[in-house]
Amino acid sequence: MKINFYNSLTNQQEEFKSIQDGVVKMYSCGPTVYDFAHIGNFRSFLFGDLMRRFLELAGYEVQHVMNITDVGHMVEGEADKMLAAATRVKENKKSGRVPEGAIKDPNDPYQIADYYTKAFLDDANKLGYKVAAEYPDSMPRATDYIDGMIEMIERLIQRGHAYVSSDGVVYYSVESFPDYGNLSGNTMDKLQSGAGGRVSDQNQSMKKHPADFLLWKPDQKHIMKWDSPWGVGYPGWHIECSVMAAKKLGQDVIDIHTGGEDLIFPHHECEIAQSCGCSGESHFANYWVHARFLFVEGEKMSKSQGNFYTARDVFEGKVTGKPVHPAVLRFELIKSHYRSNMNFTKKGLTDSANTVTKLIDLRSELEAKSGGKMAEVDLSHPVLNEFATALADDLNIAGALAVMHTWIKSDHSDAAMSLAIWDKMNSVLAIAPISGEGAGAADGGDADDQGEAMRLEMVAAREAKDYAKSDELRDKLIAAGYDVQIGKTEVTIKKKLA
RNA sequence: GGCGUCGUGGCCAAGUGGCUAAGGCAGCGGAUUGCAAAUCCGCCAUCGUGGGUUCGACUCCCACCGACGCCUCCA
């Protein structure tokens, strides 16, 4: 199967060819663990997951690695992110958002990182993010790789790509790496002309070039710090990905690197400079694939706009007023093309809930009909072939979903075969459990006791032909989030997924 | 200013140099129902504007108009 991806490095669609036959080495930039991950983060992460699952459907063995950034080296406004997180955690403990006892000492950055790492894994697993199920093997934490970062910085200095400036800070010298700017288009001359005013002069005077970026900063006062040949301090942001990608994937050049589009510059540009500067290779990743941003009801998502949602906000019903099943959020986040800005809306969520429900219902129907028996099927089957061919065209999810919808409405008299096809499609969509995988499952919606009581009452009312009472109960059930079906003799109710 | 993506029905969104321009949602008509819901059947676009290339373009080229993203911590 011919697979195409849009490569940000060359700004065009390219046929995908893995370095090693049948194996794909893939790295995705992961979350910072100072706060709960929001739906924009997950849009980008799940795009990586879709890509990985598709490659697996296409027959590749995919080694996917995603880092956890737990080094407190970023700033939020003026404050260190870890310090900001400490403040936030203290507030959240008061409000109950962070349960009592979850973080014993909010001043300990490791405890904060641990707490939010667990929260991330919890959300990610619910959303069927495969790499999260492989934690910790495939999800290294930056603080466990400080030694590797120091090694890489030393090597960069040896090779003439980095230098220690007069204030003791280690910088990468972008002038030592002619390809700097190839990914983002921000070549050195453009950066220089555009730099005026934006960067503080005192910082700049220490650097050889305005675009030189930090590799190690000695700083005794920093909240998280480690010993190094350049003094006690902390590593730059970019170096962790270069190190963990190489260590975990075991080679200097990898196949695919993904992330949000905002990471193209400076983060990914700098990763390339570091990794290639260190290895001497012409490429770090052969394919750089970036996801566009997520908007909420047409607006950019931001805390000040009040339209900023974490994954758990959505699960808990902060967006729609009703709880949303994780499978619905997953489907909503993967159903639009990764290179389009996706618009996250309530209506979209409802649509997604309908589709997910339809798929789950079809599955139960097929299981009942086939007695759980499943046929053998592969991509040579016309339906799956069409489904996979769409995805092979730069992850054309809309095309693939069209195939799926048409198939849903088609003839399913061979239930065992249909079940097999269903499973294959679901191995990519992951909106319901697949054998051997517990993640991201829509487990159907069983009624609770109260709902069941109302249902029985309704049946009784109907036997007595008391339609007014029956209708009243139906309205109540619907208000309680149930889907009510009145059959000839039976009444069935089911919790809606959103 | 630099780099990049894009403009298809009410909304979301595929696709092709030439048979009937996917699919979803919404809507409309019908079947079904005590009434609904769900389901099933049917209906519902000529592709931003103006040129050009071509036997023929929505699809190729040019111009224009418009939308959006990145260039600063951000997925």
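The structure displayed is predicted, hence computed values, not measured ones.
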Distance, rounded to the nearest Å, where [X] contributes [atom1] and [N] contributes [atom2]:
X: A/Phe331; N: B/rC12; atom1: CZ; atom2: P; value: 17 Å
X: A/Ile478; N: B/rA36; atom1: CD1; atom2: C1'; value: 8 Å
X: A/His405; N: B/rA26; atom1: NE2; atom2: P; value: 11 Å

Exceeds 12 heavy-atom contacts within 6.0 angstrom, atom CD of A/Glu134: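 Yes, CD of A/Glu134 has more than 12 neighbouring heavy atoms, counting only those of other groups under 6.0 Å.
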
Any idea which of [options] is nearest the [X] side chain?
X: A/Arg339; options: B/rC71, B/rA75, B/rU5; value: B/rU5
X: A/Asn41; options: B/rA14, B/rA75, B/rC70; value: B/rA75
X: A/Lys358; options: B/rU5, B/rG24, B/rA75; value: B/rG24
X: A/Leu263; options: B/rA75, B/rG34, B/rC71; value: B/rA75

Test: A/Glu457 and A/Lys469 ion pair at under 4.0 Å: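 Yes, A/Glu457 and A/Lys469 are salt-bridged.
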
Electrostatic pair A/Glu452:A/Arg455 at N-O distance under 4.0 angstrom: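 A/Arg455 and A/Glu452: salt-bridged.
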
Do the side chain of [X] and the base of [N] come within less than 3.5 angstrom through a donor-acceptor pair of N or O atoms?
X: A/Asp471; N: B/rG34; answer: yes
X: A/His337; N: B/rA13; answer: no
X: A/Arg474; N: B/rA36; answer: yes
X: A/Arg292; N: B/rC70; answer: no

Residue of the set A/Phe213, A/Phe284, A/Phe265 for which ring-ring contact (aromatic ring centres under 6.0 Å, His included) holds with A/His238: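 Going through the options one by one, the only one that passes is A/Phe213.
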
Which part of the nucleic acid, if any, lies within reach of [X] when heavy atoms closer than 4.0 Å are counted: base, sugar-phosphate only, or nothing?
X: A/Phe344; result: nothing
X: A/Ala291; result: nothing
X: A/Asn182; result: nothing
X: A/Phe295; result: sugar-phosphate

Using Watson-Crick or G-U wobble geometry with both distances below 3.5 Å, tell me the partner of [N], or none.
N: B/rG56; answer: none
N: B/rA26; answer: none
N: B/rA37; answer: none
N: B/rG69; answer: B/rC3

Cation-aromatic face contact A/Lys495/A/Tyr482, 6.0 Å, 45 degrees: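 Positive - A/Lys495 is close enough to the ring of A/Tyr482 and near enough to its axis.
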
